[in-house]
Amino acid sequence: MRFSKLFGKTSREAPAEAESASHQLLLRAGMIAQIAAGIYSYLPSGWRVLRKIENIIREEMDKAGGQELMLPVLQPFELWQQSGRYVSFGQTMFTVTDRKEHKLALGPTHEEVIADLAHRYVQSYRDLPLLVYQIQTKFRDEPRPRGGLLRVREFIMKDLYSFDVDEAALDENYRKMSQAYQNIYARCGLPTSIVEADSGAIGGKESHEFMVIAETGEDEMVFCPHCGYSANVEKAQISKAIKKDVIASEAKQPLPLEEIATPEQKTIEEVADFLGVPPEQTLKAVFYIADGKLIFVVIRGDLEVNETKLRNTLKCTELRLATEDEVQQTGIVVGFASPIGIKGTKVIADDSITMGSNFITGANRQGYHFKNANYPRDFQVDITADIALAHHGDSCPKCDSNLSSTRGIEVGHIFKLGTFISEKLGASFLDQDGVSRPAVMGCYGIGLGRLLAAIVEQSHDDKGIIWPLSVAPYQVYLCLLHLDSPEVASAAEKVYQELEDAGIEVLFDDRDESPGVKFNDADLLGIPLRLTLSPRTLQNQSIEAKWRTEKETQLLPLENVSAKVNKLLREKLAR
RNA sequence: CGGGGUGUGGCGCAACGGCUAGCGCGCAUGGUUUGGGACCAUGAGGUCGGAGGUUCAAAUCCUCUCACCCCGACCA
């Protein structure tokens, strides 16, 4: 490709709206262009990168036994009613109405469509296992697109669906996919961590995310440097045992409940300070509105509520903090709320209330708290579950060491769905005994654009992008200096031709620009190998080679240059 | 949805009631240059996001509205 003909210009300054490194660099390099919030065009050089990523993914999916197919974007809304998932997806779904007033969804994902297909074409256990995938556009009306390609409303995704006879077979495919994903990231030069995850609107029981550690990431994950436990904070567990040095063991014997005056002491910190006890010995009350109903949440004072876990426990779709008014309307005294004697309100407790004793809690009376509250002696709850939020420094649930936390970009998510979708859509098969059973499903997704952006996020410098050779838009940047010298120009043309003929992907900078402009563009575009031909190098019948990642240059003889370049590229790929 | 911010040639910005809306980058033409974003000359390109209002006069003030960005909520 000749740079002079390449559609899309590089620019010195990034558009004002871009903040993250990948957003700025991809725009400046002329690889993407925004048309609306979370909606982007890929220009030729950006599209080349995307297609390379796509091919890597396709190869790994095929290798793992996947069959590629193509499912429709337009999906009858009835399918979503059938699965019931139109509720959990809610406003995230884009819908259109056809001329017959029939409602269609622009597919945010394809479990329904694929399960419907399985319903028709899978009849026997002999048809299983089945792994099918596609690479195509998804539509999601995200409340807030952000960070360029990091979160968008229209995006290309690889989604693979597995159908199995039972859980054990699903586990096997799940392992296989997990390995395929690791191969993909490795080939893209992207270090990732696999973490336990919440399955969100997709549903299902077990899921893992592949995370690229990056400050610009939207997700927070915790990990244990000691035993390797790692999880998205939405999912992460912590050990809630109270450390011995915090509360002496003699204080653990249940004591009689006692009301004490605590004027003006409302928050956990105030009450704990006022009474001289650690927050671990208090109970915190938090109020939520879940699908329109007030929920009383009790959790030990040193912990915080994890809303994702709470949502899962309640199996609700809408969840938000209650306002002070909404709480007061039920007769609860804000600041002195108590699970003791509560009536008519659903009470959800974190299991931390079973770890500890003689708690301080509100007395549901202005200016008073109870001392020595003990569960279940003094109060009852409707549900006890783990609904605590993990933090940096909390104890690891597996080995009790201190957990660390970091932000990350989710570049892949795999789910064990189980049978809830296949049951609803009738994707069942006859087993060896002639018994009809729902297929056990798994689904596995990678957002290609986000993967591309994540590569840029973790592989760039102040000059521009540093593409790994495997996904670079071009392998070689051929830089011609001194267009005005006919000898150099014709030598460059020859080299360009020779490289192209050898099947090397080369971007030939034949523009009439100064050397600085060309070198800077080469760096901005992030092309791995730069070749420079100038009167200086031609004098020695040679061409200068420089890797994007290195400072040093080397001279290559012009004779049979494509073979030498090929060798350099092969060596680089092998590393 | 809550909070904050921004809308002026393709991009980055200035002008903040008053003459023909400026500057840099980019673009076009000609010339001089050429190893890390060269220079000179000439030129093209703008209904100042939109609607309404105030005023002798609005890019500038007011009201409404739309779009985009950031933080949060939310979110595979």
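Bear in mind the structure is a predicted one, so any value in this text is a computation, not a measurement. Just so we're on the same page: letters track the sequence lines, and every chain starts at 1.
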### A51(B) versus A59(B) - spacing of their P atoms, nearest Å
12 Å
## Note on the structure
Contact check, residues 438-449 of chain A vs RNA chain B, heavy-atom distance under 4.0 Å, returns none
### Task
Determine, for Glu326(A) against Arg320(A), whether the closest basic-nitrogen to carboxylate-oxygen distance falls under 4.0 angstrom.
yes
### Message
Which label fits Tyr40(A) and His23(A): parallel for a plane angle under 30°, tilted from 30 to 60°, or perpendicular past 60°?
### Response
perpendicular
### Task
Pick base, sugar-phosphate or nothing for Pro143(A), based on heavy-atom distances below 4.0 Å to the nucleic acid.
base
### Query
Which value, in whole Å, describes the distance between the C1' atoms of nucleotides C19(B) and A58(B)?
15 Å
### Query
Between G35(B), U34(B), G12(B), which one does the side chain of His482(A) approach most closely?
U34(B)
#### Entry: Rounded interatomic separation in angstrom, taking CG from Leu481(A) and P from U34(B)
12 Å
### Summary
Taking A73(B), C75(B), G36(B) as options, the one with an atom nearest any side-chain atom of Lys463(A) is G36(B)
### Task
Among the candidates A38(B), C69(B), G12(B), find the nucleotide nearest to the side-chain atoms of Val517(A).
A38(B)
### Task
Could you tell me which residues satisfy salt bridge (charged side-chain N to carboxylate O under 4.0 Å, His left out) with Glu269(A), sequence neighbours excluded, listed by chain and number?
none
### Message
Side-chain N or O of Arg144(A) versus OP1/OP2 of C70(B): is the shortest distance under 4.0 Å?
### Response
yes
### Task
Grab the CG-C1' distance between Asn520(A) and G37(B) for me, whole Å please.
5 Å
### Query
Should the pair Glu54(A)-Arg58(A) be classified as a salt bridge under the 4.0 Å nitrogen-to-oxygen rule?
yes
### Message
For a stem of at least 3 consecutive Watson-Crick or G-U pairs with distances under 3.5 Å, i pairing with j, i+1 with j-1 and so on, which stems involve RNA chain B?
### Response
B:1-7 with B:66-72, B:10-13 with B:22-25, B:27-32 with B:38-43, B:49-53 with B:61-65
### Query
What's the NE2-C1' distance between His413(A) and C75(B), to the nearest Å?
12 Å
### Nearest-Å distance once atom P is located in both U47(B) and A41(B)
28 Å
### Message
Let's see if you get this right: which residues in residues 69-79 of chain A place a heavy atom under 4.0 Å from RNA chain B?
### Response
none
### Query
Residues in side-chain contact (heavy atoms from CB on, under 4.5 Å) with Met157(A), at least two apart?
Lys138(A), Arg140(A), Phe155(A)
### Query
Does the side chain of Ser514(A) get closer than 4.0 angstrom to OP1 or OP2 of U34(B) through an N or O atom?
no
### Query
In whole angstrom, what separates Glu142(A)'s CD from C69(B)'s C1'?
17 Å
### Query
Say you draw a straight line from CE of Met1(A) to CG of Asp509(A); how long is it, rounded to the nearest 0.5 Å?
11.5 Å
#### Entry: Salt-bridge contact Asp219(A)-Arg407(A) (side-chain N to carboxylate O under 4.0 Å)
no
### Task
Check the pair Ser4(A) / Asp510(A) against side chain to side chain donor-acceptor pair (under 3.5 Å), numbers first and verdict last.
CA-CA 6 Å; Ser4(A) 60; Asp510(A) 58 342; 2.8 Å; yes
### Query
Does Arg530(A) make a cation-pi contact with Phe519(A), if we ask for NZ or CZ under 6.0 Å from the ring centre and within 45° of the axis?
yes
### Message
Between G2(B) and A44(B), how far apart are the two P atoms, rounded to whole Å?
### Response
48 Å
### Query
Using atom C1' of each nucleotide, how far apart are G22(B) and C48(B) to the nearest Å?
12 Å
### Task
Name the closest nucleotide to the Ala36(A) side chain, picking from C68(B), U34(B), G36(B).
C68(B)
### Any Gln91(A) side-chain N or O less than 4.0 Å from OP1/OP2 of C75(B)
no
### Query
Below 6.0 angstrom between ring centroids: does that apply to Phe415(A) and His413(A)?
yes
### Query
At under 4.0 Å between heavy atoms, what does Lys518(A) touch on the DNA or RNA strands: base, sugar-phosphate, or nothing?
nothing
### Electrostatic pair Arg85(A):Glu112(A) at N-O distance under 4.0 angstrom
yes
### Message
When the C1' atoms of G17(B) and U55(B) are compared, how many Å lie between them, rounded to an integer?
### Response
9 Å
### Query
OP1, OP2 of G72(B) versus side-chain N and O of Arg146(A): anything below 4.0 Å?
yes
### Message
Rounding to an integer number of Å, can you tell me how far Gln34(A) CD sits from G7(B) C1'?
### Response
14 Å
### Message
So Arg530(A), base contact, sugar-phosphate only, or nothing? Heavy-atom distance under 4.0 Å.
### Response
base
#### Entry: Interatomic distance, Arg153(A) CZ vs A67(B) P [rounded to whole Å]
10 Å
#### Entry: Euclidean distance, atom CG of residue Asp219(A) to atom C1' of G72(B) [Å, nearest integer]
15 Å
### Task
Measure the CD-CG distance between Glu304(A) and Asp394(A) for me, rounded to the nearest 0.5 Å.
9.5 Å
### Task
For Thr109(A), answer base if it contacts any base atom (sugar-phosphate contacts may also be present), sugar-phosphate if it contacts only those atoms, and nothing otherwise; contact means non-hydrogen atoms under 4.0 Å.
base
### Contact state string [nucleotides 22-32 of chain B, B base, S sugar-phosphate only, - no protein heavy atom under 4.0 Å]
--B--------
### Task
May I ask you to decide if the ring planes of Phe139(A) and Phe94(A) are parallel, tilted or perpendicular, using 30° and 60° as cut-offs?
perpendicular
## Note on the structure
Heavy-atom nearest nucleotide on RNA chain B taken for Thr308(A) and for Thr10(A); more 5' hit belongs to Thr10(A)
### Query
What does Gly90(A) touch in the nucleic acid at a heavy-atom separation under 4.0 angstrom: a base, only the sugar-phosphate, or nothing?
nothing
### Message
Can you classify the ring geometry of Tyr444(A) versus Tyr174(A) as parallel (below 30°), tilted (30 to 60°) or perpendicular (above 60°)?
### Response
tilted
### Task
Give one of base, sugar-phosphate or nothing for Ser485(A), where a contact means two heavy atoms less than 4.0 Å apart.
nothing
### Query
Does Arg511(A) make a cation-pi contact with Phe3(A) (under 6.0 Å, within 45 degrees of the axis)?
yes
### Crowding at CD, Glu550(A) (>12 non-hydrogen neighbours, <6.0 Å)
yes
### Query
Between Asp484(A) and Pro15(A), who's closer to the 5' end of RNA chain B by nearest nucleotide?
Pro15(A)
#### Entry: Salt bridge Arg548(A)-Asp461(A), side-chain N to carboxylate O under 4.0 Å
yes
### Task
Would you indicate what Ala18(A) reaches in the nucleic acid, counting non-hydrogen atoms under 4.0 angstrom: base, sugar-phosphate, or nothing?
nothing
### Task
Determine the contact category for Thr92(A): base if any of its heavy atoms lies under 4.0 Å from a base atom, sugar-phosphate if only primed atoms, P, OP1 or OP2 are that close, otherwise nothing.
nothing
### Task
Whole angstrom is fine here: how far is it from CG in Asp521(A) over to C1' in G35(B)?
15 Å
### Query
Looking only at atom P, what distance separates U8(B) and G53(B), rounded to whole Å?
24 Å
### Task
Would you indicate what Arg536(A) reaches in the nucleic acid, counting non-hydrogen atoms under 4.0 angstrom: base, sugar-phosphate, or nothing?
base
### Nearest-angstrom distance, P atom, G50(B) to G9(B)
10 Å
### Message
Are Phe287(A) and Phe296(A), when compared by the centres of their aromatic rings, separated by less than 6.0 Å?
### Response
yes
